[in-house]
Amino acid sequence: MTDLLLLPGDGIGPEVTRQVRRVAEALTPDLTLDERLFGGISYDTHGVPLTDEALAAAKSARAVLMGAVGGPQWAEDRKSTRLNSSHRT
């Protein structure tokens with residue numbers, strides 16, 4: 001089981017989560033980390049902001065850290081493909 005799933009997102013998100021990874025690995029070397037695409041980078045790569053695989057990984061992880069998402073290049077995308085902070089399962 002993954003202890004911490006990192007979803008870096010886009011914009012400044014990957015920079016922030018990279019530092020979180022460094023700190024987490026230094027403080028708790030036995031921590032199991034995983035990372036998946038999320039947000040605009042996932043949309044550009046997979047056509048959806050959150051893949052089923054990433055969602056399954058999030059559901060099975062003990063904790064999830066989401067980085068920043070969004071940007072003007074995705075502002076015109078259909079509302080049905082967007083995620084926001086109210087996305088709960």
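These numbers come from the heavy atoms of this one structure, side chains and all, not from hydrogens, waters or symmetry mates.
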Minimum heavy-atom distance between T32 and T2, given as atom pair plus value:
O-CG2, 3.6 Å
Check D10 against F38 and note the closest heavy-atom contact, atom names and distance.
OD2-O, 3.8 Å
Over all atoms of both residues, closest heavy-atom pair of I12 and A68
CG2-CB, 4.0 Å
How long is the gap from CD on E25 to CG on D30, to the nearest 0.5 Å?
11.5 Å
Assigning hydrophobic clusters by single linkage (Ile, Leu, Val, Met, Phe, Trp, Tyr; side-chain heavy-atom cutoff under 4.5 Å), is V16 placed with V64?
no
Taking a hydrophobic cluster as the set of Ile, Leu, Val, Met, Phe, Trp and Tyr residues connected by side-chain heavy atoms closer than 4.5 Å, whether directly or through intermediates, do I41 and L50 fall within one such cluster?
no
Do the side chains of V20 and L7 join up, straight or via other hydrophobic residues, at under 4.5 Å, putting them in one cluster?
no
Distance, nearest 0.5 Å, that separates CG of D52 from NE2 of H46:
11.0 Å
Shared hydrophobic cluster for L37 and L6 (ILVMFWY, side-chain gaps under 4.5 Å):
no
Does a side-chain heavy-atom distance below 4.5 Å link E35 with L33?
no
If the test is side chain to side chain donor-acceptor pair (under 3.5 Å), which one of R22, R21, E15 qualifies with Q19?
R22
Could you report the tightest heavy-atom contact between A24 and L31, atom names first, then the distance?
CB-CD2, 3.8 Å
To check you understand the geometry: which heavy-atom pair defines the closest contact between T51 and S42, and what is its length?
CG2-OG, 4.0 Å
